[in-house]
Amino acid sequence: MASIQAIRGTRDILPGEIGDWQTIESVARTILGCAAYQEIRTPLFEQTDLFERGIGEATDVVGKEMYTFKDRGDRSLTLRPEGTAGVVRSYVEHGLHAQGGVQRLWYTGAMFRYERPQAGRQRQFHQLGVEVLGSSDVRADAEVIAIANQILQTIGLKNLSLQLNSIGDASDRSNYREALVAYLAPFQDQLDPDSQHRLSHNPLRILDSKDANTQAILDKAPSILEYLSPDSQKRFEQIQALLNDLGIPSTINARLVRGLDYYTHTVFEIQSEDLGAQATVCAGGRYDGLVSQLGGPETPAVGWAMGLERLVILLQQLQAQKLPSVDFYIVSRGEAAEAQALKLAQALRQSGFKTELDLSGSAFGKQFKRADRSGAAACLILGDAEAEAATVQLKWLKSGEQSAIAQTELLSNLDQLRQQLTHATA
RNA sequence: GCGAGCGUAGCCAAGUGGUUAAGGCAGUGGUUUGUGGUACCACCAUCCGGGGGUUCGAGUCCCCUCGUUCGCCCCA
């Protein structure tokens, strides 16, 4: 194809589906506002180093999925593959911790990962996420999960499940890692190739393997939950109790480990039954070590991110798109009438009516046809006679009732008009 | 990065080697130069994602390429 098209893994969001995006954003904005979270906007690209140190060099996201390039000053920059690292960098750089207390932040925007595009996965995609910085209270973990849950419920999504796990602190994990490797070593030959490789590099991720044989071997493997210290254990029990009190059902999944290195203790995912292989709609957890790792003071933190494209897919599954209809469709013919029609349209718009002006100049019959298709409640008609008398024909399209009214009178009785509109559309 | 499927107009879609590429929806014009939603008529792909090859002849077969879908990896 000779014409230029959007590059692989990117997509235009056209007017027909923008409503779903706006629904999701406004629901989230309202809920986050009520929970006293503040929006933060950070740059789309950062020093490459930030992601390498923050996310972990051994992770796939950093190892093979980053959009990294040199700028003209020979600096290595990377299009952000996720939101947390940038938010934490900003938090440290601007000394937000010095403001004391807990910082509750949220963000939304485009993220970039160089992956093979697939349903629910693109190279440029959008996330909405929250970060609570400065609290180690278990209630913070519960709060962020409750908010995620509230957003998804309010949007109207069904068939979701919350999976919960604890991966303990660094020492719990290193104890467990040893135990897991000790258990798996004798089975090394029977593991799938990826898992064999991970045995030496990142053994915990073997738990995630979808290979049936590997999973069978894992059935008798030790569980991370048996290796939690008493403190970690207590945390995990508390979070479960809190969610239970909040009436949020959850499932413990001891094999849930996340792909980014910075997580500690609580990790969770919310999955949908109605998506394909990319079923995770929201994921997150606690990351107590990240802030200090990026040069800030020891700061406990917890957060999550949602994949907006995936939410849009789910939203589209459960509602037929209905075209937004307009209040008034204005048809006109003749020089004077056309000029008056424009003025009338502006006046109605300024008063908050959704008003569409027919610009075609074609025959009245054609204009009426378009008026009908626009789904307008009423049609305003201006021809030579109306222009002369400074009146306008007001026609209710559903009933077909039509009457002449002075333009000034129309504009001075807007409240009444508004009432008639709600009746006409009801 | 790997495996498999698909790619015909804005959308859905027939066509499986032989002159001019069905049909439906949408769109545009008309019947109707001041009144719509129904109906009827007309128009709407010199071309089958792109490039190359086989053939007397290709949308139809082969190769490459791009895109897309599903899965793996991984992830939101």
Side-chain angles (χ1 to χ4, degrees), chain A residues 1-11 14 16 55 58-66 80-84 108-129 148 152 192-195 197-198 202 205 208-211 257-260 268-272 275-284 303-314 329 331-334 337 358 360-376 378-387 393-402 404:
Chain A
M1 191 175 270
S3 58
I4 295 176
Q5 51 191 158
I7 63 176
R8 183 164 214 213
T10 71
R11 229 172 119 265
L14 298 172
I55 300 170
T59 63
D60 279 17
V61 169
V62 171
K64 60 180 201 189
E65 294 172 7
M66 293 208 301
R80 62 184 186 191
E82 56 101 53
T84 301
T108 185
M111 307 292 162
F112 305 84
R113 289 183 200 171
Y114 193 90
E115 296 181 274
R116 185 77 169 258
Q118 196 173 318
R121 188 170 72 194
Q122 293 167 237
R123 290 180 173 181
Q124 175 176 334
F125 62 104
H126 299 80
Q127 287 189 337
L128 185 146
L152 298 172
D192 61 281
D194 282 321
S195 296
H197 178 254
R198 288 194 192 118
N202 198 352
R205 294 213 57 82
D208 258 355
S209 173
K210 284 178 190 162
D211 184 83
V257 290
R258 313 281 355 283
L260 313 181
F268 70 93
E269 277 187 21
I270 299 175
Q271 299 183 347
S272 166
L275 291 168
Q278 269 60 48
T280 301
V281 140
C282 174
W304 50 251
M306 288 181 181
L308 264 33
E309 276 78 2
R310 293 180 188 176
L311 298 186
V312 170
I313 290 170
L314 292 172
Y329 192 97
V331 307
S332 58
R333 203 140 163 70
D358 191 300
S360 68
S362 51
F364 271 116
K366 288 294 161 195
Q367 296 196 45
F368 274 101
K369 199 165 277 188
R370 277 189 283 269
D372 191 59
R373 281 181 199 161
S374 77
C379 200
L380 292 171
I381 307 142
L382 281 123
D384 293 334
E386 288 78 16
Q393 298 284 337
L394 171 62
K395 177 170 185 174
W396 298 97
L397 289 176
K398 209 165 170 186
S399 64
E401 281 173 52
Q402 180 176 332

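Worth knowing before you read on, the calculation uses all heavy atoms, side chains too, and leaves out hydrogens, waters and symmetry mates. By convention in this document, chain letters (A, B, ...) are assigned in the order of the sequence lines, proteins followed by strands, and residues within each chain are numbered from 1.
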note: A:I7, atom CD1; B:G67, atom P; distance rounded to Å ~ 10 Å
| said: In whole Å, measure the gap between the P atoms of B:U8 and B:A14 for me. | reply: 10 Å
A:A371 meets the side chain to side chain contact (heavy atoms under 4.5 Å, CB included) criterion, sequence neighbours left out, with A:Y329, A:C379, A:L397
When the C1' atoms of B:A58 and B:G23 are considered, how many whole Å apart are they? 23 Å
Applying the 3.5 Å cut-off to both distances, the Watson-Crick or G-U partner of B:U68 turns out to be B:G5
In whole angstroms, the gap separating P of B:A76 from CG of A:L152 amounts to 15 Å
A:R121 CZ to B:A76 C1', in whole Å, measures 11 Å
B:U46 -> Watson-Crick or G-U wobble partner, both distances under 3.5 Å, gives none
By side chain to side chain contact (heavy atoms under 4.5 Å, CB included), A:S360 pairs with (sequence neighbours left out) A:D358, A:S362, A:Q367, A:R370
Looking only at atom C1', what distance separates B:C44 and B:U38, rounded to whole Å? 23 Å
Taken to the nearest whole Å, CG/A:D194 to C1'/B:G1 is 11 Å
Is it true that A:D211 and A:S195 share a donor-acceptor pair across their side chains at a distance under 3.5 Å?
no
Under a 3.5 Å limit on both distances, the Watson-Crick or wobble mate of B:G36 is none
Tabulated below should be each protein N or O lying under 3.5 Å from an N or O of nucleotides 32-41 of chain B; please produce it.
| residue | atom | partner | partner atom | Å |
| --- | --- | --- | --- | --- |
| B:U33 | O2' | A:R333 | NH2 | 3.3 |
| B:G34 | O6 | A:D384 | N | 3.2 |
| B:G34 | O6 | A:A385 | N | 3.1 |
| B:G34 | O6 | A:E386 | OE1 | 3.4 |
| B:G34 | N1 | A:E386 | OE1 | 2.8 |
| B:G34 | N1 | A:E386 | OE2 | 3.2 |
| B:G34 | N2 | A:E386 | OE2 | 3.0 |
| B:U35 | O2' | A:K395 | NZ | 3.3 |
| B:U35 | O2 | A:K395 | NZ | 2.9 |
| B:U35 | N3 | A:Q402 | OE1 | 3.0 |
| B:U35 | N3 | A:Q402 | NE2 | 3.3 |
| B:U35 | O4 | A:Q402 | NE2 | 2.7 |
| B:G36 | N7 | A:K395 | NZ | 3.2 |
| B:G36 | O6 | A:L397 | O | 3.3 |
| B:G36 | N1 | A:L397 | O | 2.4 |
| B:G36 | N2 | A:D372 | OD1 | 2.5 |
| B:G36 | N2 | A:L397 | O | 3.2 |
| B:G36 | N3 | A:D372 | OD1 | 3.2 |
| B:G37 | O4' | A:D372 | OD2 | 2.9 |

ask   = When the P atoms of B:G5 and B:G51 are considered, how many whole Å apart are they?
value = 24 Å
Atom CD of A:Q278 and atom C1' of B:G71 are separated, to the nearest Å, by 9 Å
Ordered by number, residues from residues 110-117 of chain A within less than 4.0 Å of RNA chain B (heavy atoms) are A:R113, A:E115, A:R116
- Task: Name the nucleic acid region contacted by A:Q118, choosing base, sugar-phosphate or nothing; use a 4.0 angstrom heavy-atom cut-off, strictly under.
- Result: base
Could you work out the separation of B:C66 and B:C12 based on their C1' atoms and round it to a whole Å? 24 Å
The reported gap from CD in A:Q278 to CD in A:Q118 (rounded to nearest 0.5 angstrom) is 4.5 Å
Rounded to the nearest 0.5 Å, the CG atom of A:L128 sits from the CH2 atom of A:W304 at a distance of 5.5 Å
| field | Side-chain heavy-atom pair A:L394, A:L380 within 4.5 angstrom cut-off | value | yes
- Item | Expected output: side-chain A:R310 to main-chain A:V281 donor-acceptor under 3.5 Å | no
What one should report as the nearest heavy-atom pair of A:L311 and A:M306 is CD1-SD, 3.9 Å
Residues passing the side chain to side chain contact (heavy atoms under 4.5 Å, CB included) test with A:E115, sequence neighbours excluded, are A:E65, A:R113, A:R121
To the nearest angstrom, the CD-P distance between A:Q5 and B:G10 comes to 13 Å
Under 4.0 Å, counting only non-hydrogen atoms across every strand here, what does A:A283 touch: a base, just sugar-phosphate, or nothing? sugar-phosphate
Ranking A:Q127 and A:K64 by the position along RNA chain B of their nearest nucleotide, the one closer to 5' is A:K64
Tell me what A:G9 touches on the nucleic acid: a base, only sugar-phosphate, or nothing, going by heavy atoms under 4.0 Å. sugar-phosphate
When rounded to whole Å, the CZ to P distance for the pair A:R11 and B:U68 reads 11 Å
Partner of B:G18 under the Watson-Crick or G-U wobble criteria, both distances under 3.5 Å, comes out as B:C56
Sorted by chain and residue number, the side-chain hydrogen bond (donor to acceptor under 3.5 Å, both in side chains) partners of A:E82 (sequence neighbours excluded) come out as A:Y262
Scanning all shown strands, the Watson-Crick or wobble mate of B:G10 with both distances under 3.5 Å is B:C25
Base, sugar-phosphate alone, or nothing: which one does A:G120 contact when heavy atoms must sit under 4.0 Å apart? base
Atom CZ of A:R205 and atom C1' of B:C72 are separated, to the nearest Å, by 14 Å
| query | What interatomic distance, in whole Å, is found between C1' of B:C61 and the corresponding atom of B:U54? | reply | 8 Å
Roughly how many Å apart are B:C48 and B:G10, using the P atom of each and rounding to a whole number?
13 Å
P gap between B:U16 and B:G59, integer Å: 12 Å
- Query: So, A:T280 side chain and A:Q271 main chain: donor-acceptor pair closer than 3.5 Å or not?
  - Reply: no
